[in-house]
Amino acid sequence: MLQQTPVTRVIPHLEAWLDRWPTPPVMAAASTADVVRQWANLGYPRRALWLHRAAVEVTARHGGVVPRDVDALLALSGIGDYTARAVAVFAYGDRHPVVDTNTRRVLARAVEGRAQPSPPSRRDLTLMESLLPADDVDAAAFNAGAMELGATVCTARSPRCEICPLAGTCAWLAAGRPDTGDARRRQATYEGSDRQARGAVLRLLRDATPAPVPLDTVLPDWPDAQQRDRAIDSLIADGLAEADGEWISLPR
DNA sequence: CACACGTGGGT
DNA sequence: TACCCAAGTGT
């Protein structure tokens, strides 16, 4: 849930989710439709699909217990470099570099003297690894500290260097907080995008009672009919929707 | 490596 | 009001 989504928005969703499906085997037994509905408006609904798949995989391959090994974690649906190591470090206490968007920004400033991080890269893991304390517990605290510093002090918009514990050693602050430019790619415009169309279709399918609904009742007034149909097709291709003749619904 | 992929709060 | 930004991943 935390992938690309603010913590404060996740927390209530997480609590409701865990109340309903407290363990992987319990979640694995749920239907895709129920999982997508429970995901509600958290965004990136493919994550709900992946989380459900991961629960099925954990149940089948690991006896219902989330694995500790990073490679086993990486093999699960929707688990990438960040999440795999976050689980291994924060749930199991092992020593790995955990690099999220906050950590990347902290490293860019404190170590590289840049105002903004470079585009995400595996090098980030290498750099974090080179800074990690030798002890497991210290390494976990270092990982969490970097993330937390980026989330609360070394923020994207208005960094609070006055209260920063790294103020004495930060390369960017020492250089006078120069504007070093931003090599990151700009986020695509949402208004009028295919993503917006997908979001609108999926919202309709989530709210549809009873399901399924006739295909020709799906956003008949959408400004771009081709875009709407593209959205429907891509949702079906992703496994987020299911069509049966002239009817469509969340997957059974 | 670039790009697609949601949604809503903050400035 | 228009942006910016968010505990990323898969292709």
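None of these values were measured; they are calculated from a predicted model. Quick note on labels: first sequence line is chain A, next is B, and so on, each numbered from 1.
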Could a donor-acceptor pair under 3.5 angstrom be found where the side chain of [X] meets the base of [N]?
X      : N     : value
A:Y44  : B:dG6 : yes
A:T101 : C:dG8 : no
A:R9   : B:dT7 : yes
A:Q187 : C:dC3 : no

Response to the item:
Writing each nucleotide of DNA chain C 5' to 3' as (, ), [, ], | or . by Watson-Crick or G-U pairing under 3.5 Å yields .|||||.||||
Nucleotide nearest [X] (side chain, heavy atoms from C-beta), chosen from [options]:
X      : options              : answer
A:Q3   : C:dG8, B:dG6, B:dG10 : C:dG8
A:D194 : C:dG8, B:dG6, B:dC5  : B:dC5
A:A156 : B:dC5, C:dA6, C:dG10 : C:dA6
A:R185 : C:dG8, B:dA2, C:dA6  : B:dA2
A:Y190 : B:dG6, C:dG8, C:dC4  : B:dG6

Item to complete: Could you tell me whether the phosphate oxygens of C:dG8, OP1 or OP2, come under 4.0 Å of any side-chain nitrogen or oxygen in A:Q4?
Response: yes
Worksheet item: Any side-chain N or O of A:N102 under 4.0 Å from OP1/OP2 of C:dA7?
Response: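 Answer is yes, contact under 4.0 Å.
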Worksheet item: Should side-chain heavy atoms under 4.5 Å link Ile, Leu, Val, Met, Phe, Trp and Tyr, which residues sit in the same cluster as A:W172?
Response: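 Same cluster as A:W172: nobody, lone residue.
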Worksheet item: Between A:R46 and A:R203, who's closer to the 5' end of DNA chain B by nearest nucleotide?
Response: A:R46
Worksheet entry | Separation of B:dG8 P from A:M1 CE (nearest whole Å) | 15 Å
Fill in: Full working for salt bridge (charged side-chain N to carboxylate O under 4.0 Å, His left out) between A:D233 and A:R230
CA-CA 5 Å; A:D233 290 344; A:R230 203 158 56 236; over 6 Å; no
